[in-house]
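Notes to accompany the following structure.
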Amino acid sequence: MKNRKMLYAGSFDPITYGHLDIIRRGAHICDTLVVGVVNNYSKNAMFDAEERVEMIREATKEIGNIVVDSFVGLLADYVKANDFCVAIRGLRTSLDFDYEIHMAQMNARLYGSGVETIFLMTDPNYSFISSSMTKEVFLLNGDIEGLVPPNVLEAMIRKVSK
Ligand code: COA
């Protein structure tokens, strides 16, 4: 049976094809996939939360059952306030696993019962991609075509030309 509504949260600064792969596959196994953009900022962000939300909307507009939202504060509070039963995460390598298991266990403690973290294995074509590395290559004039959707590449070009 399909889950009614699932959450895929992240900073998405910016969204990459690795994230899009997880979004597509997540959307396939639920009625509505909410992509939740975290807006707490500790990393050096290239885009503000509104820009990231807009880029994700544009990049996912063909998929159909996607809602893009942003939140501040604890993921667990957002999950509980919106009655999610499932939060999905993408796993790229065993390094992700070591980090993710601690986060999933901490979140499980915060959620209480009835909420599960479910992991989807990243498509191996995308397992080397991260948002930070993509930005670094781009800012040093490297080629990032094929790593981010065209609307994101255009937004990055606009951002640095300002
Ligand atoms: N494809 C491509 N890249 C991926 C990926 C995939 N499938 N999965 C992860 N990544 C990349 C991301 O782009 C990100 O790259 P970056 O560090 O270069 O920006 C990196 O891997 C880490 O991604 P992720 O683990 O999703 O971290 P995040 O910062 O994007 O978001 C939250 C993590 C939002 C789930 C977490 O920070 C959170 O819950 N924050 C709210 C505060 C909170 O509740 N804290 C307590 C948590 S226990």
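Remember, it's 1-based here, ligands and their atoms both numbered in the order they're listed.
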Original post:
Under 4.0 Å from ligand 1, counting heavy atoms only, is it the side chain of Y126, its backbone, both or neither?
Top reply: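 Neither part.
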Original post:
Purely on distance, is any nitrogen or oxygen of S132 under 3.5 Å from one on ligand 1?
Top reply: yes
Heavy atom of [X] under 4.0 Å from ligand 1?
{"X": "K135", "value": "no"}
{"X": "R89", "value": "yes"}
{"X": "Y78", "value": "no"}
{"X": "D13", "value": "no"}

Within ligand 1, which atoms have a heavy atom of [X] less than 4.0 Å away?
{"X": "N40", "result": "41 (C), 42 (C)"}
{"X": "I22", "result": "7 (N)"}
{"X": "R92", "result": "3 (N), 4 (C), 5 (C), 6 (C), 8 (N), 9 (C), 10 (N), 11 (C), 20 (C), 21 (O)"}
{"X": "S130", "result": "15 (O), 18 (O)"}
{"X": "E100", "result": "25 (O)"}
{"X": "T122", "result": "7 (N)"}
{"X": "I129", "result": "2 (C), 3 (N)"}
{"X": "G73", "result": "41 (C), 42 (C)"}

Original post:
Would a 4.5 Å heavy-atom cut-off, applied to side chains only, mark D21 and T16 as touching?
Top reply: no
Original post:
Looking at side-chain heavy atoms only, is the closest gap between L20 and P149 below 4.5 Å?
Top reply: yes
Original post:
How far apart are the C-alpha atoms of K135 and D13, what are their side-chain angles, what is the distance that settles it, and do they pass the salt bridge (charged side-chain N to carboxylate O under 4.0 Å, His left out) test?
Top reply: CA-CA 9 Å; K135 283 183 285 191; D13 183 50; 2.7 Å; yes
Original post:
Does NZ or CZ of K80 fall inside the cone over Y111's six-membered ring, less than 6.0 Å from its centre and within 45° of the axis?
Top reply: no
**OP:** Pick whichever of L75, L74, L20, T134 has a heavy atom sitting closest to atom 46 (C) of ligand 1.
**Re:**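 Selected option, by shortest heavy-atom distance: L74.
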**OP:** Please determine if R52 and D48 form a salt bridge, counting it only when a charged side-chain N lies under 4.0 Å from a carboxylate O.
**Re:** no
**OP:** Among N82, L33, D31, find the residue that satisfies the side-chain contact (heavy atoms from CB on, under 4.5 Å) test when tested with K5.
**Re:**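 It is N82, the one option of N82, L33, D31 that forms the side-chain contact (heavy atoms from CB on, under 4.5 Å) with K5.
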Original post:
Parallel, tilted or perpendicular: which fits the ring planes of Y8 and H19, with parallel below 30° and perpendicular above 60°?
Top reply: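 If you compare the ring of Y8 with that of H19, the planes turn out tilted.
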**OP:** Check the pair E154, R158 against side chain to side chain contact (heavy atoms under 4.5 Å, CB included), reporting the backbone distance first and the verdict last.
**Re:** CA-CA 6 Å; E154 283 160 21; R158 278 198 305 277; 3.9 Å; yes
**OP:** List the steps and the verdict of side chain to side chain contact (heavy atoms under 4.5 Å, CB included) for M6 and F84.
**Re:** CA-CA 6 Å; M6 303 194 328; F84 289 105; 5.7 Å; no
**OP:** Mind running side chain to side chain contact (heavy atoms under 4.5 Å, CB included) on M106 and M103 for me, showing each step along the way?
**Re:** CA-CA 5 Å; M106 175 62 84; M103 194 157 69; 5.8 Å; no
